[in-house]
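Contents: one structure, followed by commentary.
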Amino acid sequence: MPESKIKEKSWNQELEKEAYDKWKADNLYKFDKSSKKPVYSIDTPPPYVNTPVHIGQATTYCLMDMFARYKRMKGCNILFPLGLDRNGLPIEMAAEKKFNIKLTNTPREQYIEACRKVLEESSAASTDTFLQLGISFNSWELGNEIGDVYHTDSDAYRTLTQETFIDMWNKGLIYEDERINNYCPGCQTTLADAEVDYAEKASTFNDIIFTVKETGEKLTIGTTRPELVCTCGMVIFNPEDERYKHLEGKHAITPLFNKEVPIKSHPIAQIEKGTGLAMMCSAGDLSDIRFFREMGLTPTIAINRDGTMNEHAGFLKGLYVKDARKKIIEELKEKGLLVKQQQITHKTPICERSKHEIEFIAMKEYYVKQLDFKDKMRELANKVNFYAPESRKIMLDWIDAVSIDWPITRRRFYATEVPLWYCRKCHEAIVPPKGKYYKPWKEKAPVSKCPKCSSTEFVGDERVFDPWFDSSISPLYILKYSMDENFFEKNSPCSLRPQGKEIIRTWLYYTLLKCYLLTGKCIFNDAWINYHIVDEKGKKMSKSTGNVVDPQEVLKKFGAEPFRLWAAVEGNLERDDFRCSFERIEGAGKTIVKLWNVAKFISMFESASKPAKLNPLDEWILSELDRLVAVSNESYGNYNFHEPAIQLKHFIWETFASHYMELVKNRAYNQEGKCSKEEQDSALWTLHHCLETLLKLLAPIMPMLTYKLSMDLFGKDVHFEEFPVAGNHKAPFATEELLAFDSAVWKAKKDKALSLKAEVKKAVVPEVLKVIEKDLCSTHGLKQVEYGKEFGVEL
RNA sequence: GGGCCCAUGGUCUAGCGGUUAUGACGUCACCCUUACACGGUGAAUGUCCCCAGUUCGAUUCUGGGUGGGCCCACCA
C-alpha cells in the first residue's frame, strides 16, 4: 500500500503552536505599506486588558480573522491591528483592589502608577490568547507603524485624543455647561450611568402639606426626599385627575420654605401614585432633571459635592443629606406639616463600588454638540452597510433617543487628560497647540502670559475624558489620521467595524459622530454587528454569575481549530445569541479528524497531470465543488461564514468522503490494472484538486490546519494563495440519484448481514448513472447491471 | 412602562402556504468494509408553545395570549 505524506496521527495543539509560532516569528501578516493591493481595514474593538479574554470575545475575534483571511486571499492588503483599551474605570478598579487604595486618598501620581502596574501584568496574557487562536493580526509588537499593536493609553494615542479635542474646540463643537450628573459622595466623583447599580432600599414615603396660595387649600404630597423641598420648582398632577383639575394655573406654597411654585397638570404624574400630586425637585433623580429642562425651570441646587446641603437648604445647611432628611422630618412633624409616614422599599441608585446612594449634583463639564447633528447621524446610519441589516434599527432608535449633548469629562485619573489650562485671574481657557500629549494637572501651561489679561498664573484642568471619547477615534488612529495624512486620505473610510450589538449606542455611535465632526465623512463602509455567546443554559455570561468560560480552557481541551470551526458552523451571530457548549466544540473536532484522514488518504497517491478528458464521476464531484466555491465566495464576502461552513462540513463527510472517495478508490489504486492510465490520472488529479480547493475554502476558518496540510502536501502557504473561483463543471447526473443508489446497495447488504464488499448478482441502476458504470461495479461488486427506474439489488 | 428578538424530537438547529418536517449532538442496535472505531450502517424519539382568524390547506401568514432572552427608560 502507498505511504501517506502525513506522518502525524491526528491534528493537535502542538501542531497549532508550530503554525502560530512560525507566523509570529516570520512576521507573516505584517502590514505592507508599499503594496499596491487595495487596503482592507478592520477597526477591531479594543478589548480591555485587565481581565482574561472572554469566550465571546474570542469567538468574535475568530470571526473577524475569518473576514481578514478571506479578504487577504481575495487580493486585499489587510490592515488588522490589535488594539488594547487600557483607559478608564475597569483598570482603576483593579488597581484599587490590588493595592487597597482609593481615588480619594491617593495622590494622583501614585494612583496612576498603581494602574500602570496592574496593566503591565495583564496585557501579555490576553494577547497570547489571541495568538493561540490563530488570529492574523498585522503585528504582535507595540509600535507606531501602521498595523502595530496599539494601546489607548499610549502617548501617541492620547496625543491624538487630545488633538481631536483641540480640533473640535477650535471648530466650536465643544462647550462647557453646568448640569446635573450622577455623583457618588463617597468616591467624590462623577459616575457614568454604567457605573451605577440599583439596590432595593427601605425608605419612608412622607405625606407633607403644601398650601394653595390663591385659596388656602391644603395639599398633601408624598415624597421620599423631603430635604429637597427647598428645590421644589413645581407641583404637578395628571391632566386626567379629576381631584385636582381645579388647581391648574394656581400656585402652591412650599412648607417651611414658603416658596411660591406653579401648579400644573403633566402626564408624568400618575393618578394612583401617592396622593396623585408630586413635587418636582431640581435633582431628586434624572427624570427631575429632564422635567426641569422641558419646563424651562431654573434648578435650585441644594447639595454640595461633598454630600452636604448648602445655603439653599436654609436651616439644613451643612448637614449631610441623610441627616438633613431626619432633621426636616422632625421639623415638619413639629409644625404639623407631616400627616403620614409609610415605609416603602424602592430601587435606589447606588455607587457600584462604594455603595453610597447616588446624588444628582450639578457640575461643570464639557459637552460635545450632538443634538445639532441628529439628521446627519441618521444619514450616516443609513449609509453604513449593516450586517445584519436589522441592526441598523438599534442605531436609528438610539439617535432618536438622544436628548442631550455628549458630556465628555470625568473626574478620574487613569484616562486621557483634558488638554486645557485656565488663567487664574480671568479664567480664560488656554488651548495648547496640537502634537503633544499634555498632562495639565502636573505640567506648566504652554503660554507664559494670558492672552486676555496678561496674567502669568495658570491652573491646569484636572479632568479626564470619558473613555468613549478615546475609543471613538480608533479608526482614525489605525488609519494614521493626522500622523500620515496621505495614507489616511487614500485609505479612509475604514472598511469594517466589527462590534457587539450592546455598544452600538456608544462605540459605533460616538465613532461615527466624532469622525464626522472631525472629517466631515462617514468613517465606515461596513459595520458587522454580533450578538452574544451565552452559557450552555442560554444565560448571559458574567463574572458575578460565575458562568464565564475562559478561552484558555477551551484551547487546552480542544485547541483553536475545533473552536474556530465551531464558531463558524454553530450559529449565526448576526441574528442571535448562541450557546457555548463544550460538547459541540468537541464535535467540531471530529470534522477536523475526518478532514485529516481524507488528506492522509489522498496524500498516499502522487498527483497526476490533468488528463484531457475527465471521468464522469470526477466531473460530478467537481461540479459539486464548484457549487461550494460559489456559495463560499458569495457568503464570505457578506461576512457570513455560517452557511458555507455547514455546507463544507456536509460536503466533507457525506458527498466527498462517503460517496466520491468510496467510488473512486478502486480507480485510484488501480491495483488490478482494470482501468486505463487516463482514467486513473483523472481520479488522482481530481482527488488532489478537490483537497487543495477544500483547503483554500477552509483556510479562513481553520488557518493552522489548512496551512499545515497545504504546506506538507502542496508546498504552498494556503493563506497567500488566491481564493478559488467557481469553474463550470457539468454534473452528468443528479447528486441525489447517486447517493440514493449507493445507500440502497449498502442497506441491502447490511440487511442480509453481508460485508460491504460482497458481490451483487444483479443490480437495477438508474439510467443516468450508466456513465459511471465501471466505478459502480468495482465499488459495489456488481456482477450484472440492468437499467431502469426503480433500484434493484439482487444478492 | 417602551422597544427588539426568540419559541420545531432529550439538547441545539434548518426550513417553508401543500415536505414521509432538515441536520447535528446525545441514546440504542449491529459492524474493525485496506483514510478514518474521533469510523461505518441503521433505529427510536416531534399535537413544529397555546387560542382565534385568513385559506381548499398553516409548523410556515395575521391578530391575541403564554413563556424566555436582550436593550432602554422609570419608580414623586
Side-chain angles (χ1 to χ4, degrees), chain A residues 1-2 4 6 9-11 193 198 200 203 205-208 221-226 228 232 235-237 266 268-270 273-281 284-288 290-291 344-349 390-391 393-394 397-398 400-401 403 501-505 531-532 534 536-540 562 569-572 575-579 581 583-605 642-643 646 649-650 653-654 657-658 661-662 665-666 668-669 671 687 743 746-751 753-758 779 781:
Chain A
M1 199 173 98
S4 169
I6 297 167
K9 190 164 188 315
S10 68
W11 182 250
D193 288 348
Y198 287 87
E200 288 289 342
S203 183
F205 202 60
N206 305 284
D207 281 357
I208 59 178
I221 297 179
T223 178
T224 54
R225 303 291 305 266
L228 293 177
C232 178
V235 169
I236 61 167
F237 61 90
H266 193 282
I268 68 161
Q270 294 171 32
K273 202 128 194 178
T275 61
L277 285 171
M279 68 165 191
M280 299 309 290
C281 301
D285 59 57
L286 290 169
S287 69
D288 294 347
R290 195 171 309 127
F291 182 83
I344 56 159
T345 56
H346 67 158
K347 255 193 203 165
T348 310
E390 294 77 37
S391 303
K393 199 177 179 322
I394 303 177
D397 284 353
W398 173 245
D400 287 343
S403 65
K501 62 168 175 177
E502 79 287 0
I503 48 174
I504 288 178
R505 58 184 52 220
Y531 282 61
H532 288 278
V534 292
E536 53 191 353
K537 293 188 190 91
K539 290 263 176 267
K540 196 175 171 179
V569 170
E570 184 72 3
N572 184 351
R575 270 181 43 192
D576 259 314
D577 293 342
F578 71 74
R579 300 183 187 200
S581 150
E583 217 172 54
R584 285 164 200 285
I585 296 173
E586 197 177 5
K590 291 190 179 180
T591 300
I592 289 172
V593 175
K594 189 77 180 176
L595 180 64
W596 190 258
N597 285 311
V598 165
K600 244 169 133 173
F601 170 74
I602 294 173
S603 76
M604 295 193 309
F605 307 99
H642 170 59
E643 268 302 311
I646 290 174
K649 195 176 152 186
H650 187 257
W653 283 93
E654 301 299 326
S658 293
M661 275 170 57
E662 289 305 328
K665 246 180 205 173
N666 291 299
Y669 281 116
Q671 278 162 329
L687 280 169
S743 302
W746 287 326
K747 187 160 165 47
K749 291 182 178 177
K750 175 80 194 156
D751 286 347
L754 291 170
S755 153
L756 293 180
K757 286 188 294 190
T779 302

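Numbers restart at 1 for each chain; the letters A, B, ... are given by sequence-line order, proteins then strands. What you are looking at is a predicted structure, and each value in this text was computed from that prediction instead of being measured.
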Checklist entry - Does A:Lys594 make a side-chain donor-acceptor contact with the base of B:C36, cut-off 3.5 Å? => result yes

Checklist outcome for this item: B:A24 -> Watson-Crick or G-U wobble partner, both distances under 3.5 Å, gives B:U11

Checklist entry - Which part of the nucleic acid, if any, lies within reach of A:Gly222 when heavy atoms closer than 4.0 Å are counted: base, sugar-phosphate only, or nothing? => result sugar-phosphate

Next on the checklist: Could you tell me if the side chain of A:Leu687 sits less than 4.5 Å from the side chain of A:Met661, heavy atoms only?
Outcome noted: yes

Item to check | Under 4.0 Å protein heavy-atom contact, by nucleotide of nucleotides 26-33 of chain B - B base, S sugar-phosphate only | outcome: S---B--B

Checklist entry - So which one's nearest nucleotide on RNA chain B is more toward 5', A:Glu654 or A:Trp398? => result A:Glu654

Next on the checklist: Could you tell me how far apart A:Glu502 (CD) and B:G69 (P) are, to the nearest whole angstrom?
Outcome noted: 18 Å

Next on the checklist: Regarding B:U11, can its base be found pairing with the side chain of A:Arg584 as donor and acceptor, where the two atoms are less than 3.5 Å apart?
Outcome noted: yes

Next on the checklist: Using whole Å, what does the distance between atom P of nucleotide B:C38 and atom NZ of A:Lys9 come to?
Outcome noted: 8 Å

Next on the checklist: The criterion is side chain to side chain contact (heavy atoms under 4.5 Å, CB included); which residues satisfy it with A:Ile6, sequence neighbours excluded?
Outcome noted: A:Ser4, A:Glu8, A:Trp596, A:Ala599, A:Lys600, A:Ser603, A:Leu709, A:Leu713

Checklist entry - So, the side chain of A:Ser658 versus the backbone of A:Trp653: is there a donor-acceptor pair under 3.5 Å, distance only? => result yes

Checklist entry - More 5' along RNA chain B: A:Met279 or A:Met661, using each one's nearest nucleotide? => result A:Met661

Checklist entry - For B:G53, which nucleotide is its Watson-Crick or G-U wobble mate, given both distances must be under 3.5 Å? => result B:C61

Next on the checklist: Students often get this wrong, so: under 4.0 angstrom with heavy atoms, is A:Trp653 touching a base, only sugar-phosphate, or nothing?
Outcome noted: sugar-phosphate

Checklist entry - When all nucleic acid strands are considered with a 4.0 Å heavy-atom cut-off, which category describes A:Lys665: base, sugar-phosphate, or nothing? => result base

Checklist entry - Can you tell me the Watson-Crick or wobble partner of B:C70, both distances under 3.5 angstrom? => result B:G3

Next on the checklist: Applying the side chain to side chain contact (heavy atoms under 4.5 Å, CB included) criterion to A:Val569, which one of A:His642, A:Lys649, A:Glu643 satisfies it?
Outcome noted: A:Lys649

